[in-house]
Amino acid sequence: MSTYRVTLSVPTEDRPRAHAFFTALGFATPGEPADDGVPEPLQVAVNDGMHVMLIPTGGFGWVTGGRTTAPRGTVECLVSLAVDSQAAVDALLTDVAAAGGEVVSTAAQQPWGYTGTFADPDGHLWEITAPPA
């Protein structure tokens, strides 16, 4: 079976804002800077096998063949990140708030693990989960 690197692409209204947010959280954004000082394409390296690409809203329709982009506040997918500990969940959610993101659900113990959810500056949801205690 082949192994693939996964890139999840989402629209962004403001490349510099998105770049500042994700670098404040400690994510690498590889690539050469464009005229606006932000790598082009803007990718967040989640790990070696997963990147999230932030495509300017105006260009997103070109990539999707002209299909309508969901309006802000509509949830089409949830990016889930697994971390090693409850402390890592809490620390990332603290960093999110400090970087200007929105903590959508505070961290809490659920049957499947300790989890919290945040929205990035473009409103995309990210769930952070640690194994059950």
Side-chain angles (χ1 to χ4, degrees):
M1 178 179 189
S2 297
T3 301
Y4 299 97
R5 188 177 99 191
V6 175
T7 300
L8 173 68
S9 298
V10 295
T12 182
E13 295 172 355
D14 186 328
R15 285 171 33 87
R17 178 187 68 189
H19 182 253
F21 177 76
F22 286 106
T23 56
L25 298 183
F27 286 102
T29 55
E32 294 298 316
D35 292 341
D36 61 2
V38 175
E40 177 58 39
L42 176 54
Q43 295 186 61
V44 174
V46 176
N47 59 38
D48 288 340
M50 168 74 170
H51 285 203
V52 175
M53 185 180 314
L54 295 125
I55 300 172
T57 305
F60 201 77
W62 174 82
V63 175
T64 61
R67 290 173 174 79
T68 303
T69 301
R72 185 179 182 92
T74 302
V75 178
E76 291 188 325
C77 74
L78 176 67
V79 179
S80 296
L81 301 178
V83 297
D84 294 332
S85 67
Q86 291 183 4
V89 172
D90 293 335
L92 186 52
L93 291 176
T94 298
D95 291 348
V96 162
E102 175 190 359
V103 176
V104 175
S105 64
T106 56
Q109 187 64 51
Q110 302 295 335
W112 62 89
Y114 185 74
T115 184
T117 306
F118 71 89
D120 67 24
D122 287 294
H124 305 295
L125 295 180
W126 297 68
E127 177 185 45
I128 312 303
T129 303

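Since the structure is predicted, the reported quantities are computational estimates derived from the model, not experimental observations.
A side-chain donor-acceptor contact under 3.5 Å links Thr57 to the backbone of Thr12. Judged purely by atom type and a 3.5 angstrom limit, Arg15 uses its side chain to pair as donor or acceptor with the backbone of Val38. With hydrogens and angles disregarded, no donor-acceptor distance shorter than 3.5 Å links the side chain of Asp122 to the backbone of His124. In terms of modelled atom types and a separation under 3.5 Å, the side chain of Ser105 and the main chain of Thr117 share a donor-acceptor contact.
When side chains are defined from C-beta on, Leu93 does not count as touching Thr106, because their heavy atoms never get closer than 4.5 Å. Looking at heavy atoms from C-beta onward, Pro121 lies out of side-chain contact with Asp14 at the 4.5 angstrom threshold. Using a 4.5 Å heavy-atom threshold, the side chains of Ile128 and Tyr114 count as separate. Val83 is not listed as a side-chain neighbour of Thr129, based on a closest heavy-atom distance of 4.5 Å or more. Here the side chains of Phe22 and Leu54 are in contact, with some heavy-atom distance below 4.5 Å. A 4.5 Å side-chain heavy-atom check between Leu42 and Thr29 finds at least one atom pair inside the cut-off.
Placement of Val10 and Met50 within a single hydrophobic cluster is found when ILVMFWY residues are connected by side-chain heavy-atom separations under 4.5 Å, directly or transitively. There is no path of hydrophobic side-chain contacts, each under 4.5 Å, that joins Leu25 to Leu125. Linking ILVMFWY side-chain heavy atoms closer than 4.5 Å, directly or via other members, places Val6 and Phe27 in a single hydrophobic cluster. Val46 and Met53 fall into different hydrophobic clusters, where Ile, Leu, Val, Met, Phe, Trp and Tyr are joined by side-chain heavy atoms under 4.5 Å apart, directly or via other members.
Note on ring orientation: taking the six-membered ring where Trp is involved, the planes of Trp126 and Phe118 are parallel (angle under 30°, cut-offs 30° and 60°).
Side-chain atoms of Glu127 and Ser80 include a donor-acceptor pair closer than 3.5 Å.
In this structure, Pro111 and Pro132 approach most closely via the heavy-atom pair O-CG, 4.0 Å.
Rounding to the nearest 0.5 angstrom, the gap separating the OG atom in Ser9 from the NE2 atom in His51 is 11.5 Å.
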